[in-house]
Amino acid sequence: MNEFEAGRPVVLRGGTVLPMDGRRVLPGTDVLVTGDRIAAVGPGLEAPDDALEIDASGGIVMPGMIDTHRHMWQTAVRGYGADWTLTQYFVWFYLEHGKLFRPEDVHAGNTLAAIESLDAGVTTVVDWSHGLRTPDHADAAADALQSVPGRYVLAYGNLHQRPAEWATAPEFRDFVRRRITGNDLLGFQMAFDVVGDPSFPEQPAFEVARDLGVSVTTHAGVWGATGDDSIRLMYEHGFMTPGTVYVHAASLSADSYHRIAATGGSISVSTESEQSAGQGYPPTYAVRAHGIPVSLSMDTSVWWSGDLFSAMRTTLGADRSREHLEAHAKGETVTHCALRADQVVDWATRGGARAIGRDDLGTVEPGKKADLVLIKNDASPVSFPLLNPFGHVAFQAQRGDVHTVLVNGRVVKHEHRLVGIDLAAARAGTERTVEYLRGEMGEEAWEKGMNPDIPTAKVLDNPYTYTDFRSDATHRL
Ligand SMILES: [Zn+2]
């Protein structure tokens with residue numbers, strides 16, 4: 001029998017379990033998985049004779065993490081836009097080079113992003129797939145997601161047409177009928193933005209989503225792109241529903257937050273993105289004040305990593321930074337942080353499950369789907385002492401510490417190595433895409449796209465320096 005055969009029971013022995021039903025920590029606890037479910041959680045569990053035994057001692061067992069917004073196709077050009085702003089991103093993907101992507105390029109990006117997620121303990125990703133120009137692109141996206149043993153939600157979008165156009169096209173209906181068949185590992189959403197035009201041209205797309213009974217995910221509160229008018233129009237037309245996911249929601253008034261809170265939607269916070277790209281300040285400080293549910297996301301690996309450890313870390317940092325600065329502005333001092341480590345771990349797990357309407361995910365409890373992560377790295381000096389497990393996950397751990405990952409009861413990573421994944425094929429796919437894009441764009445455009453002009457800045461005059469060695473020059477600051 002294959003050691004990791006799907007359907008084989010698995011027992012994780014003696015880990016520190018974070019069930020994510022509050023702040024509870026269960027040291028020295030076993031987790032038994034049979035079929036696709038968690039069968040039992042407790043000390044000294046009896047397991048079937050054929051169960052795969054995994055020593056979780058010294059490690060942390062937690063639910064698989066859930067990323068509620070990632071443009072997976074863009075992973076094909078990983079890291080290319082490290083120095084971009086949102087403006088450069090829009091030009092590159094929306095106006096110029098994004099349309100070069102062929103179906104096989106979407107496939108390459110999605111495949112690599114899907115594999116990368118599993119490696120980092122992210123067991124579910126919402127693929128905010130807004131490059132689906134043709135049915136072939138859409139099939140390629142879905143094929144890639146189904147070729148990797150993770151859990152994905154295809155959020156269908158097409159930035160090359162107006163939402164009302166692609167969402168009402170027969171090809172779209174046909175795709176939904178053919179590919180979205182209730183498969184537990186491939187969910188579905190519709191992904192489009194509301195531009196704030198008073199005539200509300202997105203209405204037909206919302207109506208299609210309502211007809212299909214699927215949720216809409218939308219970039220909201222993005223400085224210079226979508227704002228309060230977008231929220232108001234959605235509200236006035238009755239399309240703000242509990243399943244709606246508002247991505248970023250960083251440049252919104254209190255009135256918009258009130259509308260989101262009142263209609264039961266949730267906000268997908270991409271802190272690394274908001275910090276670099278310019279949508280607005282990472283909004284958790286404001287969102288918490290309005291009692292709106294939060295999930296975390298990475299947005300795109302054209303800039304950032306695909307792991308939620310960095311999302312948890314930067315979100316804690318950004319929220320606390322804001323809290324301190326707000327207090328300082330009033331001459332006050334924060335003596336107790338409001339946002340705690342366990343809260344960001346909750347957002348990365350249960351928050352994501354809530355956002356995508358999956359109450360069978362996001363916790364470690366009997367009966368729930370067995371999407372699990374074991375964080376354990378005996379070779380690492382960062383693995384001990386393990387005193388504060390939530391703090392350890394948020395501030396100490398990283399993707400290299402992900403020892404074992406299960407999705408739907410199946411082991412997909414074990415002892416730090418992916419199981420049954422063809423990384424060489426994924427590498428070859430992305431190499432072909434990069435070669436093709438470079439060729440189509442030409443070397444000059446390729447280089448320029450990756451290296452935006454740097455604004456010049458003059459070093460400020462400093463009254464304490466007597467030698468004037470820098471004042472004539474302009475510098476990169
Ligand atoms: Zn996005």
Side-chain angles (χ1 to χ4, degrees), residues 66-82 84-95 97-98 101 106 109-110 113-114 116-117 122 124-132 141 152-160 163 189-196 202 205 215-227 230-231 244-252 260 265-284 287 294-308 310-311 314-315 318 347 352 355-356:
I66 297 174
D67 181 331
T68 53
H69 153 242
R70 194 184 308 179
H71 309 292
M72 293 172 76
W73 59 292
Q74 298 174 354
T75 303
V77 281
R78 178 196 301 290
Y80 181 87
W84 281 355
T85 62
L86 203 57
T87 304
Q88 277 122 20
Y89 171 85
F90 284 153
V91 169
W92 207 90
F93 276 113
Y94 286 36
L95 300 179
H97 308 301
F101 275 66
V106 172
N110 270 26
E116 171 187 6
S117 300
V122 180
T124 300
V125 185
V126 175
D127 177 22
W128 221 102
S129 192
H130 56 349
L132 305 181
Y152 305 101
V153 175
L154 178 62
Y156 191 112
N158 176 4
L159 56 83
H160 302 286
Q189 294 179 342
M190 287 172 65
F192 57 89
D193 296 344
V194 177
V195 294
E202 298 83 8
S215 295
V216 170
T217 175
T218 186
H219 292 109
V222 174
W223 181 261
T226 59
S230 308
I231 297 290
T244 308
V245 178
Y246 305 86
V247 175
H248 302 305
S251 299
L252 294 176
I260 295 171
S266 66
I267 291 176
S268 175
V269 176
S270 305
T271 301
E272 278 195 294
S273 177
E274 288 125 29
Q275 286 178 321
S276 272
Q279 296 92 342
Y281 198 86
T284 55
V287 170
V294 172
S295 62
L296 301 184
S297 59
M298 292 312 306
D299 202 348
T300 169
S301 292
V302 78
W303 270 281
W304 306 288
S305 78
D307 75 77
L308 288 184
S310 49
T314 52
T315 301
W347 288 344
I356 60 170

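Position 1 is the first residue of the sequence, and the numbers go up from there. What you see below is based on every heavy atom in this structure, not just the backbone, and it leaves out hydrogens, waters and symmetry mates. In listed order, ligands and their atoms are each counted from 1.
- Restricting D299 to its N/O/S atoms, the shortest distance to the Zn ion (ligand 1) is reached by OD1.
- In this structure, the side chains of S297 and V126 stay at 4.5 Å or more apart for every pair of heavy atoms.
- Minimum-distance N/O/S atom of H71 relative to the Zn ion (ligand 1): NE2.
- Partner H130 forms a ring-ring contact (aromatic ring centres under 6.0 Å, His included) with one of F90, Y94, F93 and no other, that one being Y94.
- At a cut-off of 2.8 Å, H69 coordinates the Zn ion (ligand 1) through an N, O or S atom.
- At least one side-chain heavy atom of W347 sits under 4.5 Å from a side-chain heavy atom of V294.
- Between atom OG of residue S230 and atom NE2 of residue H219 there is a gap of 12.5 Å, rounded to the nearest 0.5 Å.
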